[in-house]
Amino acid sequence: MEAALTILALLLVAFVALGVYATVKAVGAAKRGVDRTITQARRTVEDTTLRAKSFGQVGVAGELAQLRLSLRTSMRATQDALHAGVAEDASLAESVDLFRRLSAHGLELDDELKRLEREPDRATVAGLLPKLRERTQRITHSAESLRWAARDRARQFADDDLDALNAQIDIEAGALRHWAVDEPSSQTSGAASGQGPGTDWPEPAASADPSAGGSTADEAWSGPAREESPQAITAPDPRLRATYPWQKSTRPETTN
């Protein structure tokens, strides 16, 4: 009895622990989802604000907003391309590591540009713009190089797969059209054997008499052969000839 109670208590503790673990995992997943949603919403709002500043403001503020917008757009596009490609091509893992190192420089530059947007000394910021523009171009150029290299690699794999598929389809199509090659050969073999399609005539029986060899074909088509010796022609009896009313009777011959 005590053993059964112990087992039940252990099962209850196991179920409670499992429920707590599942609850913690669900809460963590929900929290990550909420954080991801908040981050995306904040990023969208910030990008919209930067786009509005780059088009609506002129001077140093507009230049800084344009640099930030181009930097963030290029880095985000490269990140999406690499993360989508590494799921299918494991060789892009090194490219992802390089992009993480590049992202550190990009985030540092973005934070610096963001601080300079609130800088009241516009003259000093204007003097820093050439270096900031050069850094932005270097980072975006590296990001674009990684992105287009990953896309070219995926495109090359797709082209190779398409070429292999086309070759297999051509082979299969040739195998399906193999009947067009066999048909003339079968007709040629039928003509060589002396029998065309649909002809199944019996051959004439061989004659035992060698002298009758020339009449076998006539017997096959015309029936039995004629007699060897011709019959004598017998004149009809005039007494048996039928008489008709319009015929005159013959007069007896008289002697003088």
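- Atom CG of residue Leu102 and atom CZ of residue Arg138 lie 10.5 Å apart, to the nearest 0.5 angstrom.
- Residues forming a salt bridge (charged side-chain N to carboxylate O under 4.0 Å, His left out) with Arg155 (at least two apart in sequence, or on another chain): Asp152.
- Under a 3.5 Å cut-off, the side chain of Thr78 and the backbone N or O of Ala143 do form a donor-acceptor pair.
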Problem set entry | Worked verdict on Ser74 versus Glu144 for side-chain contact (heavy atoms from CB on, under 4.5 Å) | CA-CA 7 Å; Ser74 178; Glu144 290 173 358; 3.8 Å; yes

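- Under the rule for a side chain to side chain donor-acceptor pair (under 3.5 Å), Arg151 has no partner lying at least two apart in sequence or in another chain.
- For the pair Thr140 (side chain) and Gln137 (backbone), a donor-acceptor distance under 3.5 Å is present.
- Legend: residues meeting side-chain contact (heavy atoms from CB on, under 4.5 Å) with Glu117, ordered by chain and number and at least two apart, are Leu50, Lys53, Leu64, Ala65, Arg68.
- Within the model, atoms CG of Leu129 and CG of Leu116 stand 8.0 Å from one another, a figure rounded to the nearest 0.5 Å.
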Tabulate below the donor-acceptor pairs under 3.5 Å that side-chain atoms of residues 158-167 make, not counting sequence neighbours, or state none.
| from | atom 1 | to | atom 2 | distance (Å) |
| --- | --- | --- | --- | --- |
| Asp160 | OD1 | Gln156 | NE2 | 3.1 |
| Asn166 | ND2 | Leu162 | O | 3.2 |

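- Across all non-hydrogen atoms, the minimal contact from Val60 to Ala126 is CG2-CB, 3.9 Å.
- To the nearest 0.5 Å, the span separating CZ on Arg177 from CD on Glu172 amounts to 11.0 Å.
- Residues meeting the side chain to side chain donor-acceptor pair (under 3.5 Å) test with Asp121, sequence neighbours left out: Thr124.
- Side-chain atoms of Ser70 come within 3.5 Å of backbone N or O of Leu67 as a donor-acceptor pair.
- For the pairing with Leu71, the side-chain contact (heavy atoms from CB on, under 4.5 Å) check across Asp110, Leu132, Leu107 returns one residue only, Asp110.
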Please tabulate, for side-chain N and O atoms in residues 81-99, each donor-acceptor pair with protein atoms closer than 3.5 Å (sequence neighbours left out).
| from | atom 1 | to | atom 2 | distance (Å) |
| --- | --- | --- | --- | --- |
| Asp89 | OD1 | Ser91 | N | 3.2 |
| Asp89 | OD1 | Ser91 | OG | 2.7 |
| Asp89 | OD2 | Ser91 | OG | 3.0 |
| Asp89 | OD2 | Arg153 | NE | 2.4 |
| Ser91 | OG | Arg153 | NE | 3.2 |
| Ser91 | OG | Arg153 | NH2 | 2.8 |
| Asp97 | OD1 | Arg100 | NH1 | 2.7 |

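- With sequence neighbours excluded, the residues that form a side chain to side chain donor-acceptor pair (under 3.5 Å) with Arg133 are Glu63.
- Both Met75 and Leu146 are assigned to one and the same hydrophobic cluster, defined by single-linkage of ILVMFWY side chains at heavy-atom distances under 4.5 Å.
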Taking distance alone, no hydrogens or angles, what donor-acceptor pairs closer than 3.5 Å link side-chain atoms of residues 3-24 to residues at least two apart or in another chain?
| from | atom 1 | to | atom 2 | distance (Å) |
| --- | --- | --- | --- | --- |
| Thr6 | OG1 | Glu2 | O | 2.8 |
| Thr23 | OG1 | Gly19 | O | 2.7 |

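- One distance of note links CG of Leu113 with CD of Gln66; it measures 12.0 Å at 0.5 Å rounding.
- Every residue two or more places apart in sequence or in another chain that forms a side chain to side chain donor-acceptor pair (under 3.5 Å) with Glu112 is listed here: Arg135.
- Residue Leu109 is grouped with residue Val125 when hydrophobic side chains (ILVMFWY) are merged at heavy-atom distances under 4.5 angstrom, including chains of intermediate members.
- Taking a 6.0 Å sphere around CZ of Arg122, one finds it holds more than 12 heavy atoms contributed by other residues, nucleotides or ligands.
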